[in-house]
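The figures here come from the full heavy-atom set of this structure, side chains too, leaving out hydrogens, waters and symmetry mates. None of these values were measured; they are calculated from a predicted model. Just so it is clear: chains get the letters A, B, ... in the order the sequence lines come, proteins before strands, and each one is counted from 1.
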2 protein chains.
Amino acid sequence: MKILVTTVAVALPVAAALAAQAIPEDLRETARATFKALPSTTPAVANNPITREKIALGKAMFFDPRVSASGVFSCNSCHNLATGGDDNRETSIGHGWQKGPRNAPTVLNSVFNIAQFWDGRAEDLKAQAKGPVQASGEMANTPGQLIATLKSMPQYVEWFNAAFPGEADRVTFDNFAKAIEAFEATLITPAPFDHFLNGDDAAMTSEQKQGLALFMDKGCSSCHAGINVGGDGYYPFGLVEKPGADILPEKDKGRFAVTNTPDDAYVFRVAPLRNVALTAPYFHSGKVWDLKQAVAIMGTTQLGEELTQEEVDRLVAFLNSLTGKVPEVAYPILPAETAATPRPVSQILGK
Amino acid sequence: MKILVTTVAVALPVAAALAAQAIPEDLRETARATFKALPSTTPAVANNPITREKIALGKAMFFDPRVSASGVFSCNSCHNLATGGDDNRETSIGHGWQKGPRNAPTVLNSVFNIAQFWDGRAEDLKAQAKGPVQASGEMANTPGQLIATLKSMPQYVEWFNAAFPGEADRVTFDNFAKAIEAFEATLITPAPFDHFLNGDDAAMTSEQKQGLALFMDKGCSSCHAGINVGGDGYYPFGLVEKPGADILPEKDKGRFAVTNTPDDAYVFRVAPLRNVALTAPYFHSGKVWDLKQAVAIMGTTQLGEELTQEEVDRLVAFLNSLTGKVPEVAYPILPAETAATPRPVSQILGK
């Protein structure tokens with residue numbers, strides 16, 4: 001399937017175009033019933049009380065490339081806070097220059113997703129944090145080696161002691177994951193859309209509001225709903241019409257690999273759309289770079305509808321209102337290695 | 001040659017050991033004649049007036065992985081401000097998982113070095129900044145592709161306009177390099193040693209002061225002098241006795257490749273020793289991980305002297321007083337790509 005998004009201007013004058021879709025008076029009310037504004041403070045997470053100490057430790061480890069076997073990759077390498085919380089690549093590059101199987105999702109606001117990874121195989125961020133560390137094509141590390149690395153640096157041990165007081169064994173893989181989760185829970189990005197939901201009419205432009213109305217009218221919000229405008233359920237990619245194999249590679253059956261249920265073939269966690277304007281390329285395959293093209297594809301595959309150029313533009317205008325403010329993060333100064341710190345290993349296993 | 005650094009305690013009681021080397025009364029004066037304290041403000045650099053706008057632009061580009069062809073490596077990947085301004089690897093890993101030929105030197109205080117790179121082949125940081133971007137085994141980019149990348153993002157163009165007002169062509173490879181240099185010039189790390197030089201007796205411990213006295217007595221400061229305690233001249237590695245080929249690989253003839261002068265075979269820029277405790281592994285080959293071992297090797301190869309364990313310990317105590325305070329850096333939020341931004345390329349040329 002080939003999607004053409006032309007940039008030929010539509011011949012309607014602007015006034016007529018605006019009139020073609022008035023902004024409903026109850027737009028905010030309707031939107032509030034479907035979406036939810038981000039909180040202004042760090043949310044609570046299950047089984048992991050958030051403390052300043054945990055956040056500080058988690059931040060250090062999030063930025064520490066020594067979490068990977070090679071010393072080359074940190075969490076921030078693929079979930080870069082400077083570039084929308086992802087890495088702007090089709091799929092990430094990891095240990096030994098191996099390419100990952102799926103596009104790296106943004107870490108921003110990820111605490112609000114129903115589960116983590118494109119197939120939802122990790123129930124929360126603390127479960128997710130254990131994945132890339134051990135993946136042979138990503139950080140290629142082991143829990144044992146990671147803990148040996150952290151324990152070799154007295155400053156890290158002190159930070160773990162402060163973050164997990166009262167625990168017998170503090171520097172553990174579980175606590176590593178919990179601290180990462182605590183830091184990631186702070187990465188929430190209030191956007192013009194939130195200010196609008198909270199009552200500020202001027203926060204969104206008319207075109208963005210029209211786009212929001214259209215987003216709900218067309219049924220996009222049947223799947224992309226909730227606090228993350230997505231991220232809270234599972235749906236087949238190609239609900240109405242499957243996209244081409246370039247965009248939906250046949251061998252990646254999504255959630256089927258998690259549930260082993262035939263109905264879950266090509267089912268993925270609905271992409272959360274916050275900051276979507278910053279997180280190209282799109283879809284789990286990372287094959288689509290243009291947000292307008294991505295929206296048009298969604299029209300065809302999920303709604304069974306060829307959206308007009310004007311509709312696509314309006315929807316994208318709305319999506320732009322989801323670009324939020326990333327919290328300011330001071331780049332951390334990390335503990336220095338000691339003689340006991342395991343040396344970086346760049347060899348690829350079996351080579 | 002094999003260097004053994006034993007950790008067997010010397011049998012002298014501490015008092016006797018201290019008495020064995022009194023701290024000279026004129027230590028500060030002598031040290032001031034050899035070294036120089038870091039300034040408290042960003043220094044001026046040649047042909048590149050430093051402005052806030054240039055620093056901000058340079059910081060963004062220093063942290064931007066899109067400076068590399070693959071979108072994987074930023075300047076900060078190998079010169080990581082979180083870990084002493086380097087990458088704690090023997091040699092760095094770059095495009096296509098290629099290993100670099102020499103250990104990555106720290107960016108911290110590098111503005112004060114006589115020239116850049118281990119062989120001094122770049123006269124200043126703006127010349128240096130152009131190297132890794134184009135090296136096929138590092139960022140594997142081209143100036144044309146880099147400028148196309150930067151020009152594709154309106155925010156970068158605005159930043160260049162602000163940093164280089166009055167210039168006809170602002171987004172250029174030269175200006176990229178100048179902005180990087182401006183940011184790097186801010187990366188200076190005042191240390192206890194500086195406070196001591198500036199008159200604070202309590203800034204250094206007795207052992208550190210003894211180490212400083214020994215550093216000058218033994219002749220270490222014949223080469224490691226000036227504001228960066230090194231970095232301001234060129235000397236042969238193995239002045240008295242060549243280290244083994246594991247540490248000084250035969251095929252890397254250092255500055256000989258720059259000057260083509262036989263006298264310059266195995267000549268390198270003297271390592272600047274600020275933050276040396278954070279920048280293992282050591283030497284251009286990155287083959288030595290233990291600072292004590294590195295000091296002992298220097299004793300043999302440069303001074304022709306087998307240093308005692310106690311001497312090594314004292315020298316290392318002094319070196320620890322060179323660990324400074326890295327300026328706080330807010331992690332930047334980078335401009336988002338546009339449709340015109342060149343896509344990341346991870347293929348290796350010729351493969």
Can you confirm whether [X] sits close enough to [Y] that some side-chain heavy atom of one is under 4.5 Å from a side-chain heavy atom of the other?
| X | Y | answer |
| --- | --- | --- |
| A/Leu146 | A/Val67 | yes |
| B/Phe63 | B/Val329 | yes |
| A/Arg52 | A/Ile55 | no |

Practice item. Using distance alone, with no hydrogens and no angle criterion, decide if B/Asp86 and B/Thr279 have a side-chain donor and acceptor under 3.5 Å apart. Key: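 Side-chain D/A pair, B/Asp86 to B/Thr279: absent.
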Exercise for review: Decide whether A/Tyr282 and A/Asn103 meet the rule of one side-chain donor and one side-chain acceptor closer than 3.5 Å.
Suggested key: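 There is no such pair between these side chains.
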Under 4.5 Å from a heavy atom of chain B, the part of [X] involved:
| X | answer |
| --- | --- |
| A/Leu81 | both |
| A/Ala339 | neither |
| A/Ser77 | neither |
| A/Ser70 | both |

Practice item. Name the orientation class of the two ring planes belonging to B/Tyr156 and B/Phe160 (parallel below 30°, tilted from 30 to 60°, perpendicular beyond 60°). Key: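 Ring orientation, 0 to 90° scale: tilted.
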Only pairs of heavy atoms separated by less than 4.5 Å count here; which of [options] has the most with chain B?
| options | result |
| --- | --- |
| A/Leu278, A/Val72, A/Thr323 | A/Val72 |
| A/Thr83, A/Leu291, A/Asn88, A/Asn76 | A/Asn88 |
| A/Gly96, A/Pro344, A/Ala277 | A/Gly96 |

Practice item. With a 4.5 angstrom heavy-atom cut-off, could you sort out which part of B/Ala280 is near chain A: side chain, backbone, both or neither? Key: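 Nothing of B/Ala280, per the 4.5 Å heavy-atom cut-off to chain A.
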